[in-house]
Chemist: 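Pasting a structure below so you can have a look.
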Number of protein chains: 2
Amino acid sequence: MHPLLARITTMGPLAEATFARFLKLGQERTLARHACWSQPGDAVTEFAIVQSGLVRHYYVDAKGRESVKAFRGPGEFSAAYAELIQRRPSRTFIQALLPTRLLAFNLDAFEALAADSLELQRLARRIVEQHFVSKEQREYEFLQLSAEARYQRFCEERPEHLAHIPQHQVASYIGITPVALSRIRARLAKRR
Amino acid sequence: MHPLLARITTMGPLAEATFARFLKLGQERTLARHACWSQPGDAVTEFAIVQSGLVRHYYVDAKGRESVKAFRGPGEFSAAYAELIQRRPSRTFIQALLPTRLLAFNLDAFEALAADSLELQRLARRIVEQHFVSKEQREYEFLQLSAEARYQRFCEERPEHLAHIPQHQVASYIGITPVALSRIRARLAKRR
DNA sequence: GCGCTTTCTTAACCCGGGTTAACGAGCCCC
DNA sequence: GGGGCTCGTTAACCCGGGTTAAGAAAGCGC
């Protein structure tokens, strides 16, 4: 079985034939380290699946401050999803943290393929549902956990990426400054 | 046209006939002020549309501290959505802040109806998409806005509910304590 | 392999928000 | 229409995290 199909079917069933038609829509994109796939102002027309490497999704505010929304590794979806859904221009950067290969899908092409496919509609729904659940999990962490606890959760959640993500981006992801994260780490190290 | 259909079609097209079949699944639920519709531990089997009144969704942590996730008024969806999707027991309270009428739908019944309906699948997908977008908006506010700015945004977003929501619940929603919100309000009032 | 840039750490100082407590006002229930 | 509640406000104190700055270490481009 195609490894991507294996991954996708963790979200819901998908017949091999349907998957094959879906796969044909995908276009390879190669990103050098630090290259951006999407930038604010771009029209968002595609979503992608990370084949290898690592990307981050982030905002930049008027004063140039970055806020990291997400990190996405192999097998995960990557897109300016909210903007894609709303068919608005991108507000978010998507940048490769490592040399990265994406498989990109044009949304209109996907919609055309899914227009008469219950199977693909259901799958698309499952995928958004997963995105929703993970955002709600994040909301939970902001509401109920301290910065220190959020950092520990992050370390458990993404151990395989930790080595490739600069610490100040982790800080931004959990909603604090790099200096604050450095202090938290010092505190944790002392407490062993 | 049925007012509920008008509301639903703001999310996507839905034929009157399909809507009628959907509507037949709905069951009226009446909640007294302060009554809870869902509580942690409950099996989650339904989602609902608020017909009149106002509800809040919230967590309670081990130390008894509440964190408000959402307020939902007429025409909006209300459910322990993440748990429903994952078919896990509820982690959230849903409580009426006013005498409230809900139209509740059993998920399994809905899935059965939607099983062979592209239209309903597409609609279900649109609904989750909207939920996703609003969670991402909330993430954006936690990452990039100060507590004061989050409060001002909330006041603009839900002016019609402000009178019915105790201030400490607003504080919880924006992620601060009641005391802190009181200070923010005093600051804003002084600045005119 | 040199030099520059990026990253992390540490320190000092400040401020926003948390905590606790006390008080007053309103609301609701009996 | 009292007596409790629940609510909101204010004050005092504390602490976590923001800010700025400086220095050390590591990474990277050329």
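The basis for the numbers below is simple: all heavy atoms, side chains too, and nothing from hydrogens, waters or symmetry mates. Throughout, protein chains are lettered first and strands after them, A, B, ... in sequence-line order, and every chain is numbered starting at 1.
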Chemist: Classify the ring geometry between Phe105(A) and Phe22(A) as parallel (under 30°), tilted (30 to 60°) or perpendicular (over 60°).
Modeler: parallel
Chemist: Which whole-number value in Å describes the distance from Glu66(B) CD to dT6(D) P?
Modeler: 12 Å
Chemist: Could you go step by step and tell me if Arg101(A) and Arg29(A) meet the side-chain contact (heavy atoms from CB on, under 4.5 Å) rule?
Modeler: CA-CA 6 Å; Arg101(A) 283 182 314 120; Arg29(A) 303 254 184 272; over 6 Å; no
Chemist: Is the shortest distance from a Lys or Arg side-chain nitrogen in Arg125(B) or Glu111(A) to a carboxylate oxygen in the other one below 4.0 Å?
Modeler: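 So Arg125(B) pairs with Glu111(A) through a salt bridge.
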Chemist: Should the ring pair Tyr81(A) and Phe132(B) be called parallel, tilted or perpendicular, given that the plane angle runs from 0 to 90° and is split at 30 and 60?
Modeler: perpendicular
Chemist: Does a salt bridge link Arg153(A) with Glu157(A), judged by any charged N lying under 4.0 Å from a carboxylate O?
Modeler: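 Salt bridge present between Arg153(A) and Glu157(A).
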Chemist: Quick check on the 6.0 Å ring-centre criterion: do Tyr173(B) and Tyr58(B) meet it?
Modeler: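 Ring-ring flag for Tyr173(B)/Tyr58(B): false, centres at least 6.0 Å apart.
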Chemist: Estimate the overall bend of the helix from dG1(C)-dC30(D) to dC30(C)-dG1(D) from the end axes over five pairs each, rounded to 10 degrees.
Modeler: 60°
Chemist: Identify, residue by residue, the members of residues 166-175 of chain B with a heavy atom below 4.0 Å from DNA chain D, and return them in order of residue number, or none.
Modeler: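 Residues of residues 166-175 of chain B under 4.0 Å from DNA chain D: Pro166(B), Gln167(B), His168(B).
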Chemist: Flag the pair Asp108(A) and Arg87(A) as a salt bridge only when some basic side-chain nitrogen lies within less than 4.0 angstrom of an acidic carboxylate oxygen.
Modeler: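 Here Asp108(A) pairs with Arg87(A) in a salt bridge, since their nearest N and O are under 4.0 Å apart.
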Chemist: Base, sugar-phosphate alone, or nothing: which one does Arg183(A) contact when heavy atoms must sit under 4.0 Å apart?
Modeler: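 Touches a base.
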Chemist: Give me the first and last nucleotide of DNA chain C, going 5' to 3', that has any atom under 4.0 Å from a heavy atom of chain A.
Modeler: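 Both ends considered, the range comes out as dT7(C) to dA12(C).
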Chemist: Could you tell me whether Glu16(A) and Arg21(A) make a salt bridge, using a distance below 4.0 angstrom between a side-chain N and a carboxylate O?
Modeler: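 Result for this pair is no, no salt bridge flagged.
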Chemist: Take the protein atom NE2 of His164(A) and the nucleotide atom P of dC28(D), then report the distance between them rounded to whole Å.
Modeler: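 Checked: the NE2 to P distance equals 11 Å.
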